[in-house]
Amino acid sequence: MWPGIPGIRRSDLRVRMEVYLDCGGGISGDMTLAALAHLGVDFFPLTAALEKAGVACELELREEIRAAGPGRHIDVRWRQDEQPLRHPADIAAIFKAVDVPASVRDRALSVLEALTLAEAYAHQIQPDEVHFHEVGAVDTLVDILGVCYGLEQLGVQRITASFLPWFSGSIECAHGCIPLPAPATAWLLRNKPVYATDARVELITPTGAALLHALVDEFTGAPCGTLAAMGTGYGSRPAASGLRMWLLNASPRVDHHHGGRELVSQLETHLDHLTGEEMGQALTALADMPEVLDVLWLPGIGKKNRPSGLLRVLCLTDHEDAAEQAVLRHTHTLGIRRQRLERLVSPRSAVTARVAGRDMPAKRYEIEGRSYIRPEAEAVGRAAQEDGLGAPALRLISG
């Protein structure tokens, strides 16, 4: 079993993993780091790499049980007596010097850039003038790099998050009393979905907002996939809840020989601007793609009484990006709706069937424990053409 939450195996990490951030209790850098630790991430190799890069620190991890259940709390401790004033360029240089995979470094730099731009806006200064004070600099550095390192260790390729809780009030900081959300946080929350709460405390910190801004691929109401494990990260506030991080196998594929359930992506768009020739070419091009499972065109009447239709493309979740780009390329639509669905796959296998006196490829499948054989349509069509018959004649022929 994978260290941490019971139920997650190393073999789970060979498939496409996703993380869903349940931010109902808020999000900060240390909460996210603690949730990853609860999921079993070992941060010792990272702190050793940081020490080689000139940042001697330790992560003090402890178990925490609150109303939301068991979780972890984490503190960053540094071994030097003093920490220098650090500008974003100084932190970026450390990220580049630390021996971590390029994907970790790239993610960390994107989070740092988001936080830097937000702080520059909040103080109305140039980004290169932003600075992080002593303790905050080390915490920010380790939180950002640690989160990106932890995601890499879990094999996370996609990150989704819940809608975000709104909060108000004020806090005291080095610059005086400031309203909540803090100005940098407010800047980063632009274009993010929020909902009202009565909270009068800081639920989302600037670092937490930067992580959301730079790393989250989609904000959605619920996770989608097969749940592998959950980690809970508690922050410094004595709150009953924390950040709950769900680790998901987002693309479970079944062995079609045995059947089962798997996730697929359904892409949809309404089209009313293509000619008949262009529509036919688009359907052919999409159907010929190995990444596409099926293509459906439903004609109808759209806005302004224009003849239009619904294009629906089905693919495995691993192939979403390729299928989306193909739909855009062949239709020039201005928008695509995407949703993930679970589909049931009946057990099936390739066999040879005797039809109208000849052998042809077929599928054997099972429904309710009984086996059936269905000849492949293309083979039936070729045989019917050879015999000068319509395809139904071969299926209905007697004797």
Side-chain angles (χ1 to χ4, degrees), residues 17-33 35-36 68 107 110-111 113-119 121-122 143-144 147-148 151 156-171 178-225 227 230-233 235 237 239-248 250 263 265-270 317 320-321 324 333-342:
M17 305 304 292
E18 286 192 8
V19 150
Y20 178 78
L21 303 174
D22 181 352
C23 301
I27 181 173
S28 63
D30 60 337
M31 292 167 71
T32 311
L33 206 61
L36 287 163
R107 274 176 167 169
S110 68
V111 177
E113 180 184 27
L115 183 58
T116 299
L117 293 175
E119 293 289 354
Y121 169 80
D143 286 348
I144 291 175
V147 167
C148 297
L151 293 171
V156 173
Q157 299 181 32
R158 188 169 186 268
I159 302 168
T160 59
S162 66
F163 299 159
L164 305 174
W166 190 253
F167 55 100
S168 58
S170 62
I171 57 171
I178 62 173
L180 294 176
T185 301
W187 190 85
L188 289 164
L189 291 181
R190 295 173 307 158
N191 300 317
K192 312 292 190 299
V194 299
Y195 61 90
T197 76
D198 295 326
R200 303 279 297 175
V201 294
E202 189 176 32
L203 294 180
I204 302 175
T205 66
T207 301
L211 290 168
L212 293 170
H213 182 84
L215 301 182
V216 171
D217 297 291
E218 181 182 4
F219 290 90
T220 180
C224 184
L227 298 175
M230 183 192 77
T232 301
R237 289 185 300 106
S241 59
L243 173 68
R244 299 205 299 175
M245 181 181 292
W246 298 92
L247 184 65
L248 304 109
L263 282 180
S265 292
Q266 183 170 276
L267 311 178
E268 289 185 350
T269 184
H270 287 104
T317 55
E320 283 175 346
D321 292 342
E324 281 182 341
T333 184
L334 300 182
I336 298 174
R337 297 178 297 280
R338 181 176 69 184
Q339 62 183 136
R340 291 187 174 183
L341 306 171
E342 184 181 66

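This is a predicted model, so every value here is computed, not measured.
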Colleague: Do Gln339 and Ser265 have side-chain heavy atoms sitting under 4.5 Å apart?
Modeller: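 Not in contact.
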
Colleague: Which one of Thr205, Leu33, Leu211, Thr32 satisfies the side chain to side chain contact (heavy atoms under 4.5 Å, CB included) criterion with Asp143?
Modeller: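 Among Thr205, Leu33, Leu211, Thr32, the one that satisfies the side chain to side chain contact (heavy atoms under 4.5 Å, CB included) with Asp143 is Leu33.
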
Colleague: Would you give the length of the straight line joining atom CG of Leu164 to atom CG of Leu212, rounded to the nearest 0.5 angstrom?
Modeller: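 Between atom CG of Leu164 and atom CG of Leu212 there are 5.5 Å.
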
Colleague: Nearest 0.5 angstrom please: Glu18 CD to Thr317 OG1, how far?
Modeller: 7.0 Å

Colleague: Side-chain donor-acceptor pair under 3.5 Å between Thr269 and Arg337, yes or no?
Modeller: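 Looking only at side-chain atoms, Arg337 and Thr269 do not form any donor-acceptor pair under 3.5 Å.
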
Colleague: Are Leu188 and Ile204 close enough that some pair of their side-chain heavy atoms sits under 4.5 Å apart?
Modeller: no

Colleague: Looking at Thr232 and Arg244, what are the two nearest heavy atoms and their distance?
Modeller: OG1-CG, 3.9 Å

Colleague: Please report the shortest heavy-atom distance between Ala182 and Ile178, naming the atom on each side.
Modeller: CB-CD1, 4.0 Å

Colleague: Which pair of heavy atoms, one from Trp187 and one from Leu117, lies closest together, and at what distance?
Modeller: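 Between these two residues, the closest heavy atoms are CH2-CB, 3.9 Å.
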
Colleague: Could you state the interatomic distance from OG1 (Thr185) to CD (Glu202), rounded to the nearest 0.5 Å?
Modeller: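 Spacing of OG1 (Thr185) from CD (Glu202) equals 5.5 Å.
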
Colleague: Do the side chain of Thr207 and the main chain of Ser28 share a donor and acceptor less than 3.5 angstrom apart?
Modeller: no

Colleague: In terms of heavy-atom contacts, does OH of Tyr121 have more than 12 from other residues, nucleotides or ligands at under 6.0 Å?
Modeller: no

Colleague: How long is the span from the CE atom in Met17 to the CG atom in Leu248, to the nearest 0.5 Å?
Modeller: 7.0 Å

Colleague: Quick one: closest heavy-atom pair of Pro165 and Gly24, and the distance?
Modeller: CG-O, 3.9 Å

Colleague: Locate the shortest heavy-atom distance separating Pro206 from Glu119; write the atom from each residue and the value.
Modeller: CB-OE2, 4.0 Å

Colleague: Just wondering, do Tyr20 and Leu227 contact through their side chains at under 4.5 Å, heavy atoms?
Modeller: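 Answer no - side chains too far apart.
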
Colleague: Could you tell me whether Glu218 and Arg340 have a side-chain N and a carboxylate O separated by less than 4.0 Å?
Modeller: no

Colleague: What are the two closest heavy atoms between Leu215 and Cys148, and how far apart are they?
Modeller: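 Looks like CD1-SG, 4.4 Å.
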
Colleague: Does some side-chain heavy atom of Pro223 sit less than 4.5 Å from a side-chain heavy atom of Thr160?
Modeller: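 A side-chain contact is absent here, since even the closest heavy-atom pair is not under 4.5 Å.
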
Colleague: Tell me, do Leu180 and Ile171 make a side-chain contact under 4.5 Å, heavy atoms counted?
Modeller: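 In contact.
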
Colleague: A side-chain contact here means heavy atoms from C-beta on lying under 4.5 Å apart; do Arg237 and Leu203 qualify?
Modeller: yes

Colleague: Does any part of the side chain of Cys23, heavy atoms only, come nearer than 4.5 Å to the side chain of Leu243, both counted from C-beta?
Modeller: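 A side-chain contact under 4.5 Å exists here.
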
Colleague: Do you know which of Met245, Gln157, Arg158 makes side chain to side chain contact (heavy atoms under 4.5 Å, CB included) with Val19?
Modeller: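 When Met245, Gln157, Arg158 are each tested with Val19, the side chain to side chain contact (heavy atoms under 4.5 Å, CB included) holds only for Met245.
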
Colleague: Are the side chains of Val111 and Val147 in touch, meaning some heavy atoms are under 4.5 Å apart?
Modeller: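 Answer no - side chains too far apart.
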
